[in-house]
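Everything below concerns the one structure shown next.
If you're wondering where the values come from, they're calculated on a predicted model, not measured in any experiment. Start at 1 and go down the list; that is how both ligands and their atoms are numbered.
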Amino acid sequence: MATTSTHQVRTAVLPVAGFGTRFLPATKAMAKEMLTVVDKPLIQYAVEEALAAGIERFVLVTGRGKQAIEDHFDLAYELTATLKARGKDAAVAEITDFLPPPGAIHYVRQREALGLGHAVWCARELAGDGPFAVISPDDLVLAETPCLKQMVEAHAALGGNLVGVMDVPREQTDRYGILSTPNESDRTPTVEGLVEKPTPAEAPSTLSIIGRYILMPEVFEALGQHERGAGNEIQLTDAMAKLIGRQPFHGLRFEGERFDCGTKDGWLSANIAFSLADPDRRAATEATLRRFAANLD
Ligand code: UTP
C-alpha cells in the first residue's frame, strides 16, 4: 500500500442512491449509474477514473434497487467460466480488469434519497480522517488526463477543498452550484461563496461546480446539521459553503469535456463523443452521424 500523508487523497465516495427521475422510464427498475455510455456503465467509468487518480478505498452510497451495481463489481463466476471454456480471453479481461482489489469497495445505504449532501454524510464513518474525493457518476468527463487525477495533482499543491468547475451559459445557472470568486478566469479560482441553483440574474458568476470534489472531513460537521436547501434536499453545496474562510477553498478549471449523463441529451452527447474518441469505433460512428446528418433540414 502507498505511503500516506495528511494531503494524500486515498478515499472516494460515490453516491449512487438517487432516483434518476430525469431519465424515466429507463430508471424505473434500473440504477441510473448502470446506464451505459457506448459499452460501459457510468459507475465503471467513475471507479476507473478514481483508480487512475490513485484512490485505494471506494465508498459507494447505495439504496434499494441498486443491486446490479454491487454485482458489477463482483466476480461473475458462471459467465467467466463459460467465456474461458470458449477461449474468449479478451472478454474475460473486459469483465475482470476494472475490478479494484478485493476489499477495496465498501457499501453503505442511504435509506432515503434526501439529497447529494445527505448521501455523502452517510459515508462519514468510512471516509477516513483526511481529504477525500466525491465523484457523481452521472457527470462523465472525457479528458486526456482523467479529471480526478487532474484534481488530485492540483490538490497536492493547494490543500484544503477543491471543486471541479466549468463555464456554463448564464441562462443555465439555475441548474448548477455556482461559484462566487474574485479571480473567475484563473485556472484555480479562489472560492469566496457557493450558491446552489441561482437564477441567471442572481448568479455571482457563470462558473459551475461539476460532480468532482476533494473535501476536508470537516464538511461532515456541516452536513450533520441536516439543513434543507434548494429543492428541499440536503445539498452538498450548502455544507461546503460553511468551510469557506475556515480552510483553503479553490475551483479547478479541469481540462476535458463534461457530460451530464443524468439527462437524456447529455447522455446521448456522451455516447457520440466517447464513440468518436475510440479509434476502433470512430469510422463507424462517423458513418452513422453522416447518415443521420444527411436527413436533417
Ligand atoms: P442527481 O441529483 O443528479 O441525481 O445526483 P438524482 O436525484 O438521482 O436524479 P434526478 O434529479 O432525480 O434525475 C447526483 C448523484 O448523487 C446521487 C445520485 O445517485 C447521482 O449519482 N444521489 C442523489 C444520491 O446518492 N442520493 C440522493 O439523495 C440524491
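Protein residues are said to neighbour a ligand when one of their heavy atoms lies under 4.0 Å from it; for ligand 1 these are Pro15, Val16, Ala17, Gly18, Phe19, Gly20, Thr21, Arg22, Lys32, Glu33, Gln110, Ala113, Leu114, Gly115, Leu116, Ala119, Ser136, Pro137, Asp138.
Aromatic rings from His72 and Phe98 are positioned such that their centres are separated by under 6.0 Å. Ring centers of Phe220 and Trp121: at least 6.0 Å apart, outside the cut-off.
Residues Arg253 and Asp167 are paired through a salt bridge, judged by an N-O separation under 4.0 Å between the basic side chain and the carboxylate.
Residues Ile178 and Pro204 are in side-chain contact: their nearest non-hydrogen atoms beyond the backbone lie under 4.5 Å apart. The side-chain heavy atoms of Phe249 and Val163, taken from C-beta on, include a pair separated by under 4.5 Å.
Just one of Glu221, Glu218, Gln225 meets the side chain to side chain donor-acceptor pair (under 3.5 Å) condition when paired with Lys242; it is Gln225.
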